[in-house]
There are 2 protein chains.
Amino acid sequence: MLEQRFIDGFEQLAPDQATRQIITHALEVFSRKGFAGTKIKDIAASAGFSQGYVYMYFKSKEEIFTKIVELASEGAGRSVQYAAELEGTAMERITWLTEAFLSPGSLAMQHWRLILLQTATSEAIPEEAKRISKEKIREPFEQLIPLIMEGQRALEIVDGDPLELAIAYFSFIQGLGIARSQATEQNSFPTTELVLRFLKRS
Amino acid sequence: MLEQRFIDGFEQLAPDQATRQIITHALEVFSRKGFAGTKIKDIAASAGFSQGYVYMYFKSKEEIFTKIVELASEGAGRSVQYAAELEGTAMERITWLTEAFLSPGSLAMQHWRLILLQTATSEAIPEEAKRISKEKIREPFEQLIPLIMEGQRALEIVDGDPLELAIAYFSFIQGLGIARSQATEQNSFPTTELVLRFLKRS
DNA sequence: GTCTATATTAAGATAGAC
DNA sequence: GTCTATCTTAATATAGAC
């Protein structure tokens with residue numbers, strides 16, 4: 001399962017239970033409130049610890065944020081890689097990936113929100129986090145582009161610069177993630193089929 | 001011109017030069033750094049005033065933010081209304097609107113970032129701003145939906161729930177706005193034609 | 001009108017108690 | 001291991017000077 005992939009990544013890089021606990025909850029809170037809007041107290045409360053205790057595991061808020069951006073950036077790349085390795089035509093695999101992204105409460109989406117959305121308001125986040133994000137953001141694109149090219153060769157996907165198509169794809173996904181997070185009504189939410197129309201050869 | 005429409009809205013609701021100055025620069029800074037990430041000092045410096053002077057015109061950071069969300073929400077609705085009133089087929093008008101949104105440095109996009117993106121990280125922004133945003137966010141949709149329906153009747157636009165199509169449209173635009181704001185390379189940015197493929201009847 | 005100086009509050013970070 | 005209390009810093013907001 002895709003979600004498992006992310007969690008694995010987290011567990012791998014977090015030796016003890018408490019660190020994992022903090023990281024997991026910090027991801028969730030940062031993703032909702034942003035870097036500046038998140039108080040250490042919020043993370044601690046969410047993880048079930050006192051405010052001061054967090055500093056036993058991390059030396060600053062910046063350090064927590066930077067760590068999470070690193071993990072989330074890797075997770076985003078891995079999710080696309082996972083989809084790319086599935087069976088089926090290129091378009092089938094992209095469809096699967098899109099469904100994973102758009103499913104409500106998707107951890108993959110949470111990761112994207114953290115990375116892309118936050119580096120959009122980039123001036124208020126730590127330099128180190130920006131650097132890592134900028135460096136790792138290429139990975140999902142590098143995973144998706146060969147898939148798009150495969151689909152173009154199979155005449156499933158529209159002609160044109162694969163990078164341009166990949167940018168359009170992730171932008172769309174990103175925008176839908178924001179829309180979903182504010183969803184007042186769950187009905188009327190765009191289907192995978194509609195979303196992928198711009199990619200499909202007609 | 002579309003940009004002028006927004007500026008008009010701002011001038012209308014800002015009696016004196018200093019207030020306008022603060023509002024204009026605050027929009028820009030909030031849009032880049034988010035509510036929590038923006039310090040009064042940043043706004044003041046950007047507008048060319050000292051930190052304390054801002055409090056001659058606004059009683060708190062919340063008040064500035066709330067005012068801007070109100071103006072920007074109205075501006076977003078007006079931009080769609082303006083496009084809807086143009087000459088041409090429904091699809092031509094939507095194309096025009098899309099170009100206005102996607103043009104680099106678009107004030108319309110800046111407004112969207114402020115409203116949608118910030119209410120996405122909604123827990124860290126003032127309640128009053130959330131209320132206004134939620135209330136006004138309907139307007140752009142209400143302006144676009146009749147245009148979509150017109151395009152469907154003229155067989156220019158794909159069949160399906162117009163609200164779903166409108167949500168997809170604004171999500172896509174929103175995502176592209178974020179992508180553009182981080183654009184490392186200006187080339188490879190999706191064209192209007194590609195973006196609107198998902199809407200076009202094939 | 002505009003700035004500088006200052007009071008106040010909130011948040012980050014540390015250190016010592018249980 | 002975990003919390004409470006505390007120090008320190010930074011940001012909001014005010015008030016008084018030019």
Side-chain angles (χ1 to χ4, degrees), chain A residues 11 13-70 114 118 121-130, chain B residues 11 14-69 114 118 121-130:
Chain A
E11 291 189 346
L13 279 134
D16 53 291
Q17 168 62 22
T19 308
R20 270 201 301 275
Q21 186 112 336
I22 293 166
I23 287 180
T24 308
H25 288 264
L27 166 65
E28 197 271 322
V29 181
F30 276 131
S31 152
R32 278 190 294 115
K33 303 195 183 188
F35 175 72
T38 297
K39 311 305 164 195
I40 294 288
K41 208 181 153 182
D42 300 334
I43 296 171
S46 172
F49 296 123
S50 70
Q51 193 255 20
Y53 189 57
V54 171
Y55 288 91
M56 296 300 295
Y57 297 89
F58 295 91
K59 80 173 227 304
S60 67
K61 187 168 99 166
E62 293 211 356
E63 194 182 281
I64 306 175
F65 187 79
T66 305
K67 186 75 186 167
I68 291 178
V69 165
E70 191 176 347
L114 192 87
Q118 312 254 341
T121 59
S122 59
E123 268 130 308
I125 69 166
E127 279 305 320
E128 179 71 357
K130 275 191 256 180
Chain B
E11 292 191 345
D16 54 290
Q17 168 63 21
T19 308
R20 270 202 302 275
Q21 187 112 337
I22 293 166
I23 287 179
T24 306
H25 288 264
L27 165 66
E28 196 271 324
V29 181
F30 276 131
S31 150
R32 277 190 294 117
K33 302 196 183 186
F35 175 73
T38 297
K39 310 306 165 194
I40 293 288
K41 206 181 152 183
D42 301 332
I43 296 171
S46 172
F49 295 122
S50 71
Q51 193 258 22
Y53 189 56
V54 171
Y55 288 91
M56 296 300 294
Y57 297 89
F58 295 90
K59 80 172 229 305
S60 68
K61 187 168 97 165
E62 292 212 356
E63 194 183 279
I64 307 175
F65 187 79
T66 305
K67 185 75 186 167
I68 290 178
V69 164
L114 193 87
Q118 310 256 341
T121 61
S122 59
E123 268 131 308
I125 70 166
E127 278 306 321
E128 179 72 357
K130 274 191 254 180

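Every chain is numbered from 1 and lettered A, B, ... according to where its sequence line falls, protein lines coming before strand lines. This structure is a prediction, so every number in the text was calculated from the model and none was measured.
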Could you state the atom-to-atom distance from CZ of B:Phe49 to C1' of C:dC3 in whole Å? 12 Å

Identify, between B:Glu62 and A:Ala18, the residue whose nearest nucleotide on DNA chain D lies closer to the 5' end. A:Ala18

How close do B:Thr66 and B:Glu128 get, counting heavy atoms only, and between which atoms? CG2-CG, 3.4 Å

If you find the nucleotide of DNA chain C closest to A:Met56 and the one closest to A:Ala36, which residue's nucleotide is nearer the 5' end? A:Ala36

Measure OH/A:Tyr53 against C1'/D:dC3 and give the value in whole Å, please. 10 Å

B:Asp42 CG - D:dA13 C1' separation (whole Å): 16 Å

Below the 4.0 Å mark, does C:dG12 have OP1 or OP2 next to a side-chain nitrogen or oxygen of A:Lys61? yes

Could you tell me whether A:Glu28 and A:Arg32 make a salt bridge, using a distance below 4.0 angstrom between a side-chain N and a carboxylate O? yes

Rounded to whole Å, how long is the line connecting atom CZ of B:Phe58 with atom P of D:dT12? 15 Å

Rounding to an integer number of Å, can you tell me how far B:Gln51 CD sits from D:dA11 P? 10 Å

Between A:Lys39 (NZ) and D:dA10 (C1'), how many Å, whole number? 11 Å

Verdict with supporting geometry, A:Lys33 and B:Thr121, side-chain contact (heavy atoms from CB on, under 4.5 Å): CA-CA 5 Å; A:Lys33 303 195 183 188; B:Thr121 61; 5.8 Å; no

Report the distance from atom CD1 of B:Ile64 to atom P of D:dA11, rounded to the nearest whole Å. 15 Å

Candidates D:dT12, D:dT4, D:dT2 - which lies nearest the side chain of A:Ser50: D:dT4

Kindly confirm or rule out a cation-pi arrangement of B:Lys67 over B:Phe58, judged by NZ or CZ under 6.0 Å from the six-membered ring centre and within 45° of its axis? no

Could you state the CD1-P distance from B:Ile22 to C:dG1, rounded to the nearest angstrom? 14 Å

Does B:Tyr55 make a side-chain N or O approach to OP1 or OP2 of D:dA13 shorter than 4.0 Å? yes

